[in-house]
Visitor: 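Right, I'll just put the structure down here and ask away after.
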Amino acid sequence: MLCIAAFIVLLVLSAVSARYRRLLGKAASCTWRRVTLRPCDTTFRDDLKNSLLAPLAVRSPRLVRPASIAIEVLAWIMVLSMIVSLYIVGRSGLNLFVYGTCDKQNAQACTLSAEVCSVGDGTTPFWDSILAGNVIGAFGDEFASLGDTFSAIPSRLRTWEGAEFASASATYLEGYREGLPVAVEVIDPGCRFCAQLFRNVEESGLAQTHNVTYLVYPIASSWGDKFEHSALIARYLTAIQFHEREAALAGENTTDWLILEQIFGGKNASREDWQVWFNETATDEEAVAQLHTWLSDAGYDAAGIAQIDDLAASPEVADSLAAVRQSVEDDIRTVSIPTMILDGRLRTGVVSIDDLRAAR
């Protein structure tokens, strides 16, 4: 292993000085034989070790043997560190290509990724498993995750058609119009980057050239919903979609979009963003009451609001949300929100206004 470590060091030194290139050739020959599981046929390893130990042999001969062992150990550490580093870089690059983030488990931690809220891939982080004593599980999850990434490569090279992923109860921004392509946003009502994408879509005028719809996907975590009340809002949005489906097909704007506009762009009487209020301040009762208020503002009477309440708690809405979750996780296979299907591409994170206008 010493000759491999020496090859790495000499490769760097040879880039800045020609005096090391002769040694680099010997190190390369020795390294090649070692990685092909053959013994080194030169004295390079012994020559290198002797040159490192010679000064110590003169001063403290008794320390030569421990120092020789230490050199071998350090060489192993250096080579293993390089292998691990190359693996991490390769895995991160593959994740960046496939998912738009270098870290599947925490997309927001990757500085190279777009502005996103992390969904994760459902596995326990490697070092968390190691610290918990589950070494086999840690490596099993790691290689399973890598296998999933490889299997997702073909899907990232395909042409994405938004109409294939629109839900059965889909409603559309500014109503549905025949002949226009479908753009689909995957959103969580509590994610601030979904709010930014929503505002960009409105400002860009994308709805003039596309039928823009959404899949509501409350991000789950090990302790429940990632954002407080996202699941509640998702149930009410889906209930409204069911209730106003005919209006949506008739080309009318529906109440769920008005509620999304309030959550993603409105403020309450205290000038606090509604999204922040739902995430951090509102109780369950207050959240439901505010949704009722918006329904009332949209023209619902008490009986209509009660009907939406019943629908939101119904098995039909639960089944619809479960189908959306399965589509997002198994078909779209995103690890971050927002995700958008637009003009044949799967786009991760906040899409800029200029990019949205270019898609028109």
Side-chain angles (χ1 to χ4, degrees), residues 99 101 104-108 115-123 165-171 184-198 213-243 254-266 273-292 294-295 308-309 311-341 348-350:
Y99 298 111
T101 177
K104 286 171 61 177
Q105 295 169 330
N106 187 4
Q108 290 171 273
E115 298 172 304
V116 295
C117 293
S118 179
V119 173
D121 64 353
T123 61
F165 297 92
S167 68
S169 59
T171 58
V184 180
E185 302 175 65
V186 182
I187 60 172
D188 182 321
C191 174
R192 64 189 179 94
F193 299 115
C194 293
Q196 182 61 57
L197 176 61
F198 185 89
T213 188
Y214 64 92
L215 298 175
V216 60
Y217 177 87
I219 301 174
S221 67
S222 58
W223 62 86
D225 294 327
K226 185 168 186 175
F227 300 105
E228 193 75 18
H229 301 121
S230 279
L232 170 69
I233 296 169
R235 291 196 300 272
Y236 271 82
L237 292 174
T238 306
I240 294 168
Q241 287 181 328
F242 279 13
H243 191 261
T254 50
T255 306
D256 55 322
W257 285 97
L258 300 178
I259 290 177
L260 282 174
E261 188 168 350
Q262 288 286 356
I263 293 173
F264 286 154
D273 290 342
W274 279 119
Q275 187 182 64
V276 175
W277 181 81
F278 275 104
N279 286 345
E280 301 178 4
T281 305
T283 64
D284 291 346
E285 294 76 14
E286 289 172 336
V288 171
Q290 185 56 52
L291 292 171
H292 285 177
W294 286 333
L295 287 169
I308 295 296
D309 287 340
L311 267 176
S314 69
E316 290 81 6
V317 164
D319 290 344
S320 177
L321 289 172
V324 168
R325 181 168 296 277
Q326 182 178 16
S327 177
V328 171
E329 295 176 355
D330 297 341
D331 299 328
I332 299 175
R333 301 176 72 173
T334 187
V335 296
S336 56
I337 297 294
T339 294
M340 190 171 195
I341 298 172
T348 303
V350 178

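Values below: all heavy atoms of this structure, side chains included; hydrogens, waters and symmetry mates excluded. The chain is numbered in sequence order, starting from 1. As the structure is a prediction and not an experimental result, all values here were calculated from the model.
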Visitor: Suppose we call two aromatic rings close when their centres sit under 6.0 Å apart. Are Tyr214 and Trp257 close by that rule?
Guide: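 Aromatic pair counts; centres sit under 6.0 Å.
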
Visitor: When you look at Val328 and Phe165, which way does the side-chain contact (heavy atoms from CB on, under 4.5 Å) test go after all the steps?
Guide: CA-CA 9 Å; Val328 171; Phe165 297 92; over 6 Å; no

Visitor: Quick check: does any side chain N or O of Thr238 sit under 3.5 Å from a backbone N or O of Ala234, one acting as donor and the other as acceptor?
Guide: yes

Visitor: Going by the angle between their ring planes, with limits at 30° and 60°, are Trp274 and Trp277 parallel, tilted or perpendicular?
Guide: perpendicular

Visitor: Using side-chain heavy atoms (C-beta onward) and a distance below 4.5 Å, is Asp225 in contact with Phe227?
Guide: no

Visitor: Go through the side-chain N and O atoms of Asp256 and Thr171 and say whether any donor and acceptor fall under 3.5 Å apart.
Guide: yes

Visitor: What verdict does the side-chain contact (heavy atoms from CB on, under 4.5 Å) test give for Ile308 and His243, after you've listed the backbone C-alpha separation in whole Å, the side-chain angles of each residue and the deciding distance to 0.1 Å?
Guide: CA-CA 7 Å; Ile308 295 296; His243 191 261; 3.7 Å; yes

Visitor: Within a strict 4.5 Å, meaning less than it, do heavy atoms of the Thr334 and Ser336 side chains meet?
Guide: yes

Visitor: Are side-chain heavy atoms of Glu185 and Leu197 found at a separation under 4.5 Å?
Guide: yes

Visitor: Could you go step by step and tell me if Leu295 and Thr255 meet the side-chain contact (heavy atoms from CB on, under 4.5 Å) rule?
Guide: CA-CA 7 Å; Leu295 287 169; Thr255 306; 4.0 Å; yes

Visitor: Main chain of Pro189, side chain of Gln275: is a donor-acceptor contact present, judged purely on distance under 3.5 Å?
Guide: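 Between the backbone of Pro189 and the side chain of Gln275 there is a qualifying donor-acceptor contact (under 3.5 Å).
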
Visitor: Do Leu260 and Leu237 have side chains that get closer than 4.5 Å, going by heavy atoms?
Guide: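 They are in contact (side-chain heavy atoms under 4.5 Å apart), so the answer is yes.
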
Visitor: Shortest non-hydrogen contact from Ala287 to Leu232?
Guide: CB-CD2, 3.7 Å

Visitor: When rounded to the nearest 0.5 angstrom, what distance separates NZ in Lys104 from CZ in Arg333?
Guide: 8.0 Å

Visitor: Could you tell me if the side chain of Phe198 sits less than 4.5 Å from the side chain of Phe193, heavy atoms only?
Guide: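 No - every pair of side-chain heavy atoms lies 4.5 Å or more apart.
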
Visitor: Around Arg192, counting heavy atoms of other residues, nucleotides and ligands shown, do more than 12 lie under 6.0 Å from its CZ?
Guide: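 Incorrect, the count does not exceed 12.
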
Visitor: Tell me the closest heavy-atom pair linking Asp188 and Ser230, and the distance in Å.
Guide: OD1-OG, 2.5 Å

Visitor: Looking at CD1 of Ile240 and CZ of Arg235, how far apart are the two atoms once the value is rounded to the nearest 0.5 Å?
Guide: 13.0 Å

Visitor: Which atom pair, heavy atoms only, marks the closest approach of Asn279 to Glu228?
Guide: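 In terms of heavy atoms, the two residues are closest at O-CB, 3.4 Å.
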
Visitor: Any salt bridge linking Arg325 with Glu329? Criterion: basic side-chain nitrogen under 4.0 Å from a carboxylate oxygen.
Guide: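 Yes.
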
Visitor: With side chains defined as the heavy atoms from C-beta onward, is the minimum distance between Tyr236 and Val288 less than 4.5 Å?
Guide: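 Yes, close enough: below the 4.5 Å cut-off.
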
Visitor: Please walk me through it: do Cys117 and Cys191 pass disulfide (SG to SG under 2.5 Å)?
Guide: CA-CA 6 Å; Cys117 293; Cys191 174; 2.1 Å; yes

Visitor: For residues 315-322, dump all side-chain donor-acceptor pairs below 3.5 Å to protein atoms at least two apart in sequence or in another chain.
Guide:
| unit_1 | atom_1 | unit_2 | atom_2 | d |
| --- | --- | --- | --- | --- |
| Glu316 | OE1 | Ser314 | OG | 3.3 |

Visitor: Where does the angle between the aromatic ring planes of Phe278 and Trp294 fall among parallel (under 30°), tilted (30 to 60°) and perpendicular (over 60°)?
Guide: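 Rings of Phe278 and Trp294: tilted, 30 to 60°.
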
Visitor: Looking only at atom types and distance, does a side-chain atom of Lys226 sit under 3.5 Å from a main-chain N or O of Ser118, one as donor and one as acceptor?
Guide: yes

Visitor: Using a 3.5 Å distance criterion without hydrogens, assess whether the side chain of Glu286 forms a donor-acceptor pair with backbone atoms of Thr283.
Guide: yes

Visitor: Taking all non-hydrogen atoms of both residues, which atom of Ser167 and which atom of Val324 are closest, and how far apart?
Guide: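 Scanning both residues completely, I find the closest heavy atoms to be CB-CG2, 4.4 Å.
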
Visitor: Side chain of Thr348, backbone of Thr339: donor and acceptor closer than 3.5 Å?
Guide: no

Visitor: Any side-chain heavy atom of Ile187 within less than 4.5 Å of one from Leu215?
Guide: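 No - every pair of side-chain heavy atoms lies 4.5 Å or more apart.
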
Visitor: Please report the shortest heavy-atom distance between Ile337 and Cys194, naming the atom on each side.
Guide: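 Between these two residues, the closest heavy atoms are CG2-SG, 3.2 Å.
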
